[in-house]
Protein chains: 2
Amino acid sequence: MTGVLEILGKRVREKREELGLSQEALADVCSFDRTYVSLIERGKRNISLVNLVRIAIGLNTSVSQLTEGIEDGSYPKR
Amino acid sequence: MTGVLEILGKRVREKREELGLSQEALADVCSFDRTYVSLIERGKRNISLVNLVRIAIGLNTSVSQLTEGIEDGSYPKR
DNA sequence: GTGTGACTACAAGTCCGTG
DNA sequence: CCACGGACTTGTAGTCACA
(Lines give C-alpha, C1' and ligand atoms only; values in the text may rest on other atoms or scores of the structure.)
Protein backbone atom coordinates (compact mmCIF):
# COMPACT_ATOMS: atom_id res chain seq x y z
CA MET A 1 0.00 0.00 0.00
CA THR A 2 2.54 2.50 -1.16
CA GLY A 3 1.33 6.07 -1.42
CA VAL A 4 0.86 7.76 -4.75
CA LEU A 5 3.74 10.10 -4.10
CA GLU A 6 6.20 7.25 -3.57
CA ILE A 7 5.03 5.59 -6.76
CA LEU A 8 5.44 8.77 -8.72
CA GLY A 9 8.85 9.41 -7.21
CA LYS A 10 10.01 5.97 -8.17
CA ARG A 11 8.92 6.52 -11.76
CA VAL A 12 10.60 9.88 -11.94
CA ARG A 13 13.82 8.36 -10.72
CA GLU A 14 13.62 5.50 -13.20
CA LYS A 15 12.99 7.85 -16.09
CA ARG A 16 15.74 10.19 -15.01
CA GLU A 17 18.32 7.41 -14.76
CA GLU A 18 17.22 6.05 -18.12
CA LEU A 19 18.19 9.38 -19.56
CA GLY A 20 21.46 9.37 -17.69
CA LEU A 21 20.69 12.59 -15.87
CA SER A 22 21.70 13.61 -12.39
CA GLN A 23 19.11 15.15 -10.08
CA GLU A 24 20.86 18.45 -10.55
CA ALA A 25 20.75 18.19 -14.33
CA LEU A 26 17.03 17.40 -14.27
CA ALA A 27 16.41 20.23 -11.84
CA ASP A 28 18.23 22.50 -14.22
CA VAL A 29 16.09 21.50 -17.18
CA CYS A 30 12.88 21.94 -15.22
CA SER A 31 14.04 25.06 -13.41
CA PHE A 32 13.56 23.39 -10.07
CA ASP A 33 15.81 23.49 -7.09
CA ARG A 34 18.07 20.44 -6.90
CA THR A 35 16.76 19.54 -3.43
CA TYR A 36 13.20 19.63 -4.69
CA VAL A 37 13.84 16.91 -7.23
CA SER A 38 15.32 14.85 -4.44
CA LEU A 39 12.18 15.37 -2.35
CA ILE A 40 9.91 14.38 -5.22
CA GLU A 41 11.82 11.19 -5.94
CA ARG A 42 11.58 10.20 -2.31
CA GLY A 43 7.84 10.88 -2.24
CA LYS A 44 8.17 13.68 0.25
CA ARG A 45 6.33 16.31 -1.72
CA ASN A 46 2.74 16.52 -2.91
CA ILE A 47 3.53 17.88 -6.34
CA SER A 48 1.06 20.12 -8.15
CA LEU A 49 -0.22 19.63 -11.67
CA VAL A 50 1.80 22.37 -13.30
CA ASN A 51 4.99 21.08 -11.74
CA LEU A 52 4.06 17.59 -12.82
CA VAL A 53 3.94 18.90 -16.36
CA ARG A 54 7.34 20.51 -15.98
CA ILE A 55 8.83 17.27 -14.73
CA ALA A 56 7.19 15.27 -17.49
CA ILE A 57 8.58 17.59 -20.13
CA GLY A 58 12.03 17.47 -18.55
CA LEU A 59 11.88 13.69 -18.66
CA ASN A 60 10.68 13.56 -22.24
CA THR A 61 7.50 11.84 -21.20
CA SER A 62 3.91 12.73 -20.37
CA VAL A 63 1.93 13.31 -17.21
CA SER A 64 -0.48 10.54 -18.07
CA GLN A 65 2.42 8.13 -18.48
CA LEU A 66 3.89 9.11 -15.14
CA THR A 67 0.53 8.73 -13.42
CA GLU A 68 -0.64 5.58 -15.14
CA GLY A 69 -2.35 3.20 -12.74
CA ILE A 70 -1.36 5.33 -9.80
CA GLU A 71 -4.72 5.27 -8.08
CA ASP A 72 -5.04 1.51 -7.83
CA GLY A 73 -4.89 0.37 -4.25
CA SER A 74 -3.30 3.54 -3.07
CA TYR A 75 -5.84 5.98 -1.75
CA PRO A 76 -4.16 9.10 -0.42
CA LYS A 77 -3.87 9.37 3.29
CA ARG A 78 -4.29 13.11 3.15
CA MET B 1 -1.85 28.74 -25.03
CA THR B 2 -4.60 27.26 -22.98
CA GLY B 3 -3.34 26.38 -19.57
CA VAL B 4 -3.25 22.87 -18.32
CA LEU B 5 -5.52 23.79 -15.46
CA GLU B 6 -8.27 24.96 -17.78
CA ILE B 7 -8.01 21.77 -19.78
CA LEU B 8 -8.20 19.65 -16.69
CA GLY B 9 -11.14 21.63 -15.36
CA LYS B 10 -13.00 21.17 -18.59
CA ARG B 11 -12.50 17.43 -18.44
CA VAL B 12 -13.58 17.24 -14.86
CA ARG B 13 -16.76 19.10 -15.71
CA GLU B 14 -17.46 16.86 -18.68
CA LYS B 15 -16.97 13.73 -16.64
CA ARG B 16 -19.08 15.05 -13.80
CA GLU B 17 -21.98 15.94 -16.07
CA GLU B 18 -21.71 12.60 -17.78
CA LEU B 19 -22.35 11.04 -14.42
CA GLY B 20 -25.24 13.41 -13.77
CA LEU B 21 -23.65 14.82 -10.65
CA SER B 22 -23.84 18.35 -9.30
CA GLN B 23 -20.69 20.04 -8.07
CA GLU B 24 -22.03 19.55 -4.58
CA ALA B 25 -22.57 15.85 -5.08
CA LEU B 26 -19.07 15.37 -6.46
CA ALA B 27 -17.61 17.42 -3.65
CA ASP B 28 -19.43 15.16 -1.25
CA VAL B 29 -17.98 12.00 -2.75
CA CYS B 30 -14.45 13.41 -2.74
CA SER B 31 -14.78 15.11 0.63
CA PHE B 32 -14.06 18.45 -0.94
CA ASP B 33 -15.75 21.72 -0.31
CA ARG B 34 -18.34 22.56 -2.97
CA THR B 35 -16.53 25.75 -3.93
CA TYR B 36 -13.26 23.92 -4.35
CA VAL B 37 -14.75 21.77 -7.09
CA SER B 38 -15.96 24.95 -8.71
CA LEU B 39 -12.45 26.38 -8.60
CA ILE B 40 -10.94 23.28 -10.14
CA GLU B 41 -13.45 23.17 -13.00
CA ARG B 42 -12.70 26.78 -13.82
CA GLY B 43 -8.97 26.15 -13.77
CA LYS B 44 -8.37 28.50 -10.88
CA ARG B 45 -6.51 26.06 -8.74
CA ASN B 46 -3.20 24.37 -9.36
CA ILE B 47 -4.39 21.06 -7.97
CA SER B 48 -1.94 18.71 -6.29
CA LEU B 49 -1.42 15.07 -7.14
CA VAL B 50 -3.22 13.63 -4.13
CA ASN B 51 -6.27 15.77 -4.81
CA LEU B 52 -6.12 14.78 -8.45
CA VAL B 53 -6.37 11.18 -7.35
CA ARG B 54 -9.37 11.94 -5.14
CA ILE B 55 -11.14 13.67 -8.01
CA ALA B 56 -10.33 10.84 -10.40
CA ILE B 57 -11.75 8.29 -7.99
CA GLY B 58 -14.87 10.38 -7.43
CA LEU B 59 -15.36 10.53 -11.18
CA ASN B 60 -14.80 6.83 -11.69
CA THR B 61 -11.82 7.49 -13.87
CA SER B 62 -8.05 7.71 -13.56
CA VAL B 63 -5.50 10.43 -13.23
CA SER B 64 -3.77 9.38 -16.42
CA GLN B 65 -7.05 9.63 -18.30
CA LEU B 66 -7.74 13.07 -16.93
CA THR B 67 -4.26 14.26 -17.81
CA GLU B 68 -3.92 12.66 -21.21
CA GLY B 69 -2.17 14.94 -23.65
CA ILE B 70 -2.31 18.02 -21.49
CA GLU B 71 1.38 18.86 -21.63
CA ASP B 72 1.41 20.43 -25.06
CA GLY B 73 -1.79 22.36 -24.60
CA SER B 74 -3.42 20.50 -27.45
CA TYR B 75 -6.74 19.66 -26.00
CA PRO B 76 -9.15 18.09 -28.49
CA LYS B 77 -6.47 16.43 -30.62
CA ARG B 78 -8.74 14.19 -32.66
C1' DG C 1 -26.83 25.08 -8.12
C1' DT C 2 -22.90 27.82 -9.14
C1' DG C 3 -19.27 31.85 -9.34
C1' DT C 4 -16.20 34.83 -6.76
C1' DG C 5 -13.04 37.46 -3.46
C1' DA C 6 -11.08 37.19 0.66
C1' DC C 7 -9.19 34.99 4.37
C1' DT C 8 -5.84 31.91 7.57
C1' DA C 9 -3.06 27.83 8.26
C1' DC C 10 0.22 25.22 6.61
C1' DA C 11 2.56 22.87 2.65
C1' DA C 12 5.33 23.86 -1.36
C1' DG C 13 9.48 25.33 -3.08
C1' DT C 14 14.18 27.92 -2.64
C1' DC C 15 18.69 28.60 -0.85
C1' DC C 16 22.16 27.91 2.29
C1' DG C 17 24.71 24.18 4.18
C1' DT C 18 26.39 19.11 6.02
C1' DG C 19 28.18 14.02 5.79
C1' DC D 1 26.18 12.76 -6.84
C1' DC D 2 22.80 12.21 -3.31
C1' DA D 3 20.13 12.48 1.42
C1' DC D 4 19.02 15.40 4.69
C1' DG D 5 18.47 19.62 7.68
C1' DG D 6 17.41 24.70 8.99
C1' DA D 7 15.48 28.98 7.73
C1' DC D 8 13.16 31.38 4.68
C1' DT D 9 9.41 33.13 1.02
C1' DT D 10 5.65 31.94 -2.01
C1' DG D 11 1.49 29.60 -2.94
C1' DT D 12 -2.12 26.14 -2.28
C1' DA D 13 -5.71 24.07 0.63
C1' DG D 14 -9.82 24.63 2.47
C1' DT D 15 -13.61 27.47 3.94
C1' DC D 16 -16.94 31.45 4.19
C1' DA D 17 -20.46 35.02 3.17
C1' DC D 18 -22.39 36.87 -0.47
C1' DA D 19 -23.40 37.78 -5.15
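A note on names: the letters A, B, ... follow the listed sequences, proteins ahead of strands, and every chain is numbered from 1. From a predicted model like this one, the values you see are computed outputs, not experimental measurements.
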**Message:** I need the residues from residues 20-32 of chain A with at least one non-hydrogen atom less than 4.0 Å from DNA chain C; give them sorted by number, or say none.
**Reply:** A:Ser31, A:Phe32

Under-3.5 Å N/O pairs linking protein and nucleotides 5-8 of chain D:
none

**Message:** With a 4.0 Å cutoff (strictly under), does any side-chain N or O of B:Arg16 reach OP1 or OP2 of C:dT2?
**Reply:** yes

**Request:** State, with a plain yes or no, whether a side-chain heavy atom of A:Val63 is found less than 4.5 Å away from one of B:Val4.
**Result:** no

**Item:** Where at least one partner belongs to residues 39-67 of chain A, residue pairs that pass salt bridge (Lys or Arg N to Asp or Glu O under 4.0 Å), sequence neighbours excluded
**Value:** A:Arg13-A:Glu41, A:Arg16-A:Glu41

**Message:** Can you list everything that forms a side chain to side chain contact (heavy atoms under 4.5 Å, CB included) with B:Glu24? Sequence neighbours excluded, please.
**Reply:**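 Per chain and number, B:Glu24 pairs via side chain to side chain contact (heavy atoms under 4.5 Å, CB included) with B:Ser22, B:Arg34.
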
**Asked** Quick one: is B:Tyr36 getting a side-chain N or O under 4.0 Å of the D:dA13 phosphate, OP1 or OP2?
**Response**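 So the side chain of B:Tyr36 is within the cut-off, an N or O lying under 4.0 Å from OP1 or OP2 of D:dA13.
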
**Message:** Measuring only between side-chain heavy atoms, which start at C-beta, is B:Leu26 closer than 4.5 Å to B:Phe32?
**Reply:**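 Counting from C-beta outward, B:Leu26 and B:Phe32 never come under 4.5 Å.
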
**Prompt:** Any ring pair (Phe, Tyr, Trp, His ring centres under 6.0 Å) pairs touching residues 46-68 of chain A, not counting sequence neighbours?
**Reply:**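 Output for this query is empty, none listed.
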
**Request:** Please name all residues satisfying side chain to side chain contact (heavy atoms under 4.5 Å, CB included) with A:Asp33, sequence neighbours left out, ordered by chain then number.
**Result:** A:Thr35, A:Tyr36

**Touch class at under 4.0 angstrom, heavy-atom based, for A:Arg54 against every strand present** = nothing

**Request:** Output yes when a side-chain donor or acceptor of A:Thr67 lies under 3.5 Å from a complementary backbone atom of A:Ile70, and no otherwise.
**Result:** no

**Fill in**
Contacts of A:Glu18 meeting salt bridge (Lys or Arg N to Asp or Glu O under 4.0 Å) (sequence neighbours excluded), chain-then-number -> A:Lys15

**Contacting residues from residues 37-51 of chain A, given that a heavy atom lies under 4.0 angstrom of DNA chain D** =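 Heavy-atom contacts with DNA chain D come from A:Ser38, A:Arg42.
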
**Asked** Does any N or O in the side chain of A:Asn46 come within less than 3.5 Å of the main-chain N or O of B:Val50, such that one atom is a donor and the other an acceptor?
**Response**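 The answer is yes, because a donor-acceptor pair under 3.5 Å joins these two groups.
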
**Message:** If the test is side-chain contact (heavy atoms from CB on, under 4.5 Å), which one of B:Asn51, B:Ile55, B:Ile57 qualifies with B:Val53?
**Reply:**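 That would be B:Ile57; it is the only one of B:Asn51, B:Ile55, B:Ile57 passing the side-chain contact (heavy atoms from CB on, under 4.5 Å) with B:Val53.
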
**Asked** In whole Å, what is the span from the CG atom of B:Asp33 to the C1' atom of D:dA13?
**Response** 10 Å

